[in-house]
Amino acid sequence: MQVHRDLKHLPEFGNAIITIGTFDGVHAGHRFIIQQLEQAAAECDGETVIVTFDPHPREVLAPRPNNIRLLTTLPEKIALLERAGIDHLVVVPFTKAFSELSAREYLEDFLVARFKPHTIIIGYDHRFGHNREGGLELLEAEQQQYGFRLVEIPQQVVNDLTVSSTKIRKSLQEGEVLLANQLLEYPYFLSGTVVHGDKMGRQLGYPTANLHLKDERKLIPAEGIYAIWVDVPGHEAPQPAVMSIGFRPTFNGTDLRLEVHLFDFNEDLYGKELTVYFVEYIRANQKFDDIKDLIVQMDKDSAKSREILKAKV
């Protein structure tokens with residue numbers, strides 16, 4: 001897959017089959033659209049082209065703290081789309097000026113001039129241009145003049161896509177990892193660098209790798225304990241582990257911690273990047289009055305995680 005970030009130097013696409021969207025999560029619904037792209041491309045010996053935006057349009061049009069919680073960061077999205085077999089991904093720098101293009105400027109100066117599309121596959125309610133003034137009706141009216149074919153994604157499919165992205169976020173925020181993974185069709189994951197903590201886990205017999213996320217916009221699942229797999233640099237196979245997300249109520253913590261305990265593992269991980277794959281939610285966080293009770297519960301959590309992961313192999 002070729003990734004293009006400079007709109008002024010795009011290649012001459014051969015029978016470009018285009019769709020446009022944020023594609024956050026690259027979930028099951030998005031893969032339906034990708035299948036439509038691939039089928040259309042096969043019919044005309046064309047190239048599949050996905051046009052997406054960075055930063056997310058909401059960050060520019062409605063900037064607020066924590067306004068965006070991404071299922072996939074841009075590098076993650078690129079990797080997933082490449083795995084899906086897309087020919088070209090065009091990452092459009094979304095700016096205030098770009099958002100102020102009129103609908104006709106968007107159509108003529110952006111879509112037609114930059115891509116010369118053979119086919120545009122778009123949702124029935126897709127809006128574009130300043131104040132969202134353009135839509136399917138303009139594309140239908142102009143498709144003959146500009147020589148592209150228009151394929152409308154039906155309302156039911158678009159509604160399913162919207163619900164999926166929203167439902168995945170909601171599921172993760174409620175700890176419903178199994179449902180989120182089902183909608184994604186892959187385990188939800190996040191990556192972070194191992195940083196120094198207060199070594200409390202080591203004192204309890206459960207040394208942990210404390211993760212610092214690369215992108216603060218990445219959605220963090222609900223607080224609690226999880227069974228996970230972990231990609232560790234230098235290891236081909238993912239490592240079994242248990243993860244805690246939370247404020248460590250037993251120790252009156254004030255900052256959110258992402259703590260990973262890898263089973264039967266004794267290597268220095270500081271400064272390394274780990275990728276965590278969420279398999280199943282085990283329990284909510286709780287405050288223990290006695291450290292011994294906490295250790296007993298950690299033993300149970302580890303045993304439960306091992307049991308879950310063993311069943312998933």
Discussion item. Is there a salt bridge (charged side-chain N to carboxylate O under 4.0 Å, His left out) between K77 and D54? Walk through the geometry before answering.
Written reply: CA-CA 11 Å; K77 186 192 304 185; D54 186 62; over 6 Å; no
List the residues meeting ring-ring contact (aromatic ring centres under 6.0 Å, His included) with [X], not counting sequence neighbours, and say none if there are none.
X    : value
Y226 : F278, Y281
H235 : F265
H88  : H4, F13
Y277 : F189

side-chain hydrogen bond (donor to acceptor under 3.5 Å, both in side chains) with [X]: which residues, sequence neighbours excluded?
X    : answer
S164 : none
R283 : D301
S244 : none

Provide the closest heavy-atom pair for [X] versus [Y] in the form atom of the first, atom of the second, distance.
X    : Y    : result
L136 : G123 : CD1-O, 4.4 Å
I18  : P117 : CD1-CB, 3.8 Å
I78  : M1   : O-CE, 3.3 Å
I34  : A84  : CD1-CB, 4.0 Å
V195 : Y270 : O-CE2, 3.7 Å
N210 : R257 : OD1-NH1, 3.9 Å

Discussion item. Suppose the criterion is ring pair (Phe, Tyr, Trp, His ring centres under 6.0 Å): which pairs have a residue in residues 139-182, not counting sequence neighbours?
Written reply: none
Mark yes or no for whether [X], through its side chain, and [Y], through its backbone, hold a donor-acceptor pair below 3.5 Å.
X    : Y    : answer
T72  : G25  : yes
R149 : I121 : no
S305 : A241 : yes

Fill in: salt bridge (Lys or Arg N to Asp or Glu O under 4.0 Å) contacts touching residues 121-132 (sequence neighbours left out)
R127-E137
Practice prompt. Could I get the full list of side chain to side chain contact (heavy atoms under 4.5 Å, CB included) partners for K218, not counting sequence neighbours?
Written response: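 Scan of K218 (side chain to side chain contact (heavy atoms under 4.5 Å, CB included), adjacent residues dropped) gives T73, E76, Y188, L190, L213.
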Practice prompt. Quick one: list whatever passes salt bridge (Lys or Arg N to Asp or Glu O under 4.0 Å) with K272, sequence neighbours left out.
Written response: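 K272 satisfies salt bridge (Lys or Arg N to Asp or Glu O under 4.0 Å) with no residue once adjacent residues are dropped.
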Response to the item:
Residues passing the salt bridge (Lys or Arg N to Asp or Glu O under 4.0 Å) test with R114, sequence neighbours excluded, are none
Fill in: D290/K292 salt bridge by N-O under 4.0 Å criterion
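Salt bridge absent between K292 and D290.
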Item to complete: Kindly indicate, with the supporting measurements, whether the criterion salt bridge (charged side-chain N to carboxylate O under 4.0 Å, His left out) is fulfilled by K304 and E280.
Response: CA-CA 10 Å; K304 182 64 175 176; E280 194 168 321; 5.6 Å; no
Practice prompt. Decide if atom CG of D45 counts as having more than 12 heavy atoms of other residues, nucleotides or ligands within a radius under 6.0 Å.
Written response: no
Practice prompt. Check the surroundings of atom CD in E216: do more than 12 heavy atoms from other residues, nucleotides or ligands lie under 6.0 Å from it?
Written response: no
Item to complete: Report the relative orientation of the aromatic rings in F94 and F98; use parallel for angles under 30°, tilted for 30 to 60°, perpendicular for over 60°.
Response: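 Aromatic pair F94/F98 classed perpendicular.
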Discussion item. Do L37 and I50 have side chains that approach each other closer than 4.5 Å (heavy atoms only, starting at C-beta)?
Written reply: yes
Worksheet item: Would a hydrophobic clustering, with Ile, Leu, Val, Met, Phe, Trp and Tyr connected at side-chain separations under 4.5 Å, put V151 with I120?
Response: no
